[in-house]
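Numbers restart at 1 for each chain; the letters A, B, ... are given by sequence-line order, proteins then strands.
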Protein chains: 2
Amino acid sequence: MDVKDLRIDANPTLVREHALAKLRAAIASGLYPPGKRLVERELCEALGVSRTSVREALRQLQAEGLIEAGPRRNISVAHVSAQDARDIYDLRALIETDAVRRLVENDDCEVIKSLQGMAKTIRKIVRKGDIPALAEQAAALYETILEGSGSRIIAETGKQLLKRVSYLRLASMSAPQRLDDGMAEWDAIIDAIVARDAKAAMSAVRSHIVNSRDTILATFEAPTKAE
Amino acid sequence: MDVKDLRIDANPTLVREHALAKLRAAIASGLYPPGKRLVERELCEALGVSRTSVREALRQLQAEGLIEAGPRRNISVAHVSAQDARDIYDLRALIETDAVRRLVENDDCEVIKSLQGMAKTIRKIVRKGDIPALAEQAAALYETILEGSGSRIIAETGKQLLKRVSYLRLASMSAPQRLDDGMAEWDAIIDAIVARDAKAAMSAVRSHIVNSRDTILATFEAPTKAE
DNA sequence: TCATGTATGCTGTCATACAATATGCGAATG
DNA sequence: CATTCGCATATTGTATGACAGCATACATGA
């Protein structure tokens, strides 16, 4: 064992970061749906931390666009309009196709192998039909592709967009036929990457995102909800 | 005068937002150069506000990527490596060409007129050689184009990238020949927009950004500084 | 019924306090 | 004289309590 291995790099998890993660998860899971008003004291109680930490987490969420301030100083979970959703997916298409192109050009076997692994994991989850787990794994796959671009900037920017639609992604995946189609699309992406075919990978990513977008937009038109 | 005119919509400027703006400006102007360590108490004193407000502003800057946390809990102004700069400009090229395409397609006379006005203002500033003012106006021009896309998402994402290079833009504009070249490029962009020629506008934007990028990257190679 | 006053709730801001950790300085030691 | 140890100091992370300014809801009175 090397001295390097003694290194402690995991910071003792800042309370505010913990709070941030919990709040993000609450929004992504739909526990706090768009428009839900967030009252600081309630969050303090729910999270078991002080207002100081909650407020700092809120500022960060605000900067990320996941929550927004109303006219009366109220904070609520950000609404994502159909137009916003469309714009986010279109921008993702731009950015992620670029990311995957770079990824293929970088030709990093490490990354590509891990992508193959993730595809396998996803296939398993799809068979089980565990939607929440699938949403999480899918996000991980997208993030891996973004990071595979080798560009910190692309990765950060792309991930920020992903966070803004994490709630929607759950809805998208609940559409019946979408699961199988999605799996096929993921396979196409991975296959193209493995074949080091940048053009095919770009086009596979683009159609996957466009299909996801259209699925999401369909849910906007059908207001659902038989409550 | 109408009752509407009585409306007070300017929120009494939150202290934390004021602090945020000041800090951003300090970073953009080079007063706080990359790597500069930011000590909370010093900021409190300099800004004349409490630690609470400073900290909330810092969290926001952190989310925007303008500052970063070191291994020792220290906060300092984010370094922008040459690679980062290249990536930011390349991503800007992607996003802003898309923005200008949408802008032309939207065909909003209001926006186009205001762009022409800004180009005129810029020309005046260029003649005076007032670099800081120019940097500000140029940023305003880019932001107008981004907003002209009609997409909140594109506008926000693009602006975030702009903020991350505001410090570099100052350097870029100090390059001797760059001023005139830049002016010509801006003219080309505006002309294409006025002519409602989306393709030409996109290519004008792309070459402008690529040229800016290359100017910046040149300053990275020549470490400058005759201090 | 309507208008006014009052209680209540929430956010924004500040001041303090304290623990944990990092830093720097000086003293003790070989 | 060089090293090491230990202590004072600096800085951040977090919690608490306080209070003003608004906004809302409620009650009261004409």
Side-chain angles (χ1 to χ4, degrees), chain A residues 3 6-24 26-27 32-79, chain B residues 3 6-24 26-27 32-79:
Chain A
V3 220
L6 287 178
R7 178 107 208 157
I8 297 176
D9 34 50
N11 289 347
T13 324
L14 268 20
V15 170
R16 68 157 183 270
E17 306 224 329
H18 212 302
L20 181 62
K22 289 282 193 183
L23 290 177
R24 258 207 284 261
I27 294 175
Y32 290 162
K36 159 88 178 177
R37 180 164 170 202
L38 300 178
V39 178
E40 292 179 3
R41 294 201 190 158
E42 290 173 6
L43 299 180
C44 292
E45 256 185 68
L47 294 166
V49 303
S50 75
R51 247 183 103 204
T52 311
S53 302
V54 166
R55 285 179 62 86
E56 293 192 16
L58 288 179
R59 292 292 86 72
Q60 202 139 349
L61 287 174
Q62 203 172 4
E64 289 171 10
L66 270 81
I67 64 178
E68 56 197 1
R72 315 251 182 278
R73 280 297 119 80
N74 297 336
I75 297 284
S76 41
V77 177
H79 283 284
Chain B
V3 220
L6 286 177
R7 179 104 207 160
I8 297 175
D9 34 46
N11 287 351
T13 324
L14 269 20
V15 170
R16 70 159 181 269
E17 306 223 330
H18 212 287
L20 180 62
K22 289 281 192 181
L23 290 177
R24 258 206 285 262
I27 294 174
Y32 290 162
K36 159 91 178 177
R37 181 167 170 200
L38 300 178
V39 178
E40 292 181 3
R41 293 197 195 174
E42 289 173 8
L43 299 180
C44 292
E45 256 184 67
L47 294 167
V49 303
S50 75
R51 246 183 102 202
T52 310
S53 301
V54 167
R55 284 179 63 86
E56 292 192 16
L58 288 180
R59 292 292 88 71
Q60 201 137 349
L61 287 174
Q62 203 171 3
E64 290 171 9
L66 269 81
I67 64 179
E68 56 196 2
R72 315 251 179 276
R73 278 301 120 77
N74 297 336
I75 295 285
S76 43
V77 178
H79 283 284

Which residues, if any, of residues 41-68 of chain A bring a heavy atom under 4.0 Å of DNA chain C?
->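 By residue number: Arg41(A), Arg51(A), Arg55(A).
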Polar side-chain atom of Glu68(B) near backbone of His79(B) as donor-acceptor pair, under 3.5 Å | yes
Rounded to the nearest angstrom, tell me the gap between atom [atom1] in [X] and atom [atom2] in [N].
X	N	atom1	atom2	answer
Arg73(B)	dG13(D)	CZ	P	6 Å
His18(A)	dT14(D)	NE2	C1'	15 Å
Glu17(A)	dT14(D)	CD	C1'	14 Å
Arg16(B)	dC14(C)	CZ	C1'	14 Å
Leu38(B)	dG13(D)	CG	P	12 Å
Arg37(A)	dG9(C)	CZ	P	12 Å

Shortest non-hydrogen contact from Ala63(A) toward Ala63(B) = CB-CB, 3.5 Å
For Arg16(B), side chain to side chain donor-acceptor pair (under 3.5 Å) partners two or more places apart | none
Not counting sequence neighbours, which residues clear side chain to side chain donor-acceptor pair (under 3.5 Å) with Gln60(B)? List them please.
-> none
Using a cut-off of 6.0 Å, state whether more than 12 heavy atoms not belonging to Glu40(B) lie near its atom CD.
->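 Yes.
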Does Leu58(B) reach the side chain of Glu56(A), with side-chain heavy atoms less than 4.5 Å apart?
-> no
Nearest-nucleotide pick for Arg72(B), side chain only, options being dT12(D), dA22(C), dT13(C) |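 In terms of side-chain proximity for Arg72(B), the closest of dT12(D), dA22(C), dT13(C) is dA22(C).
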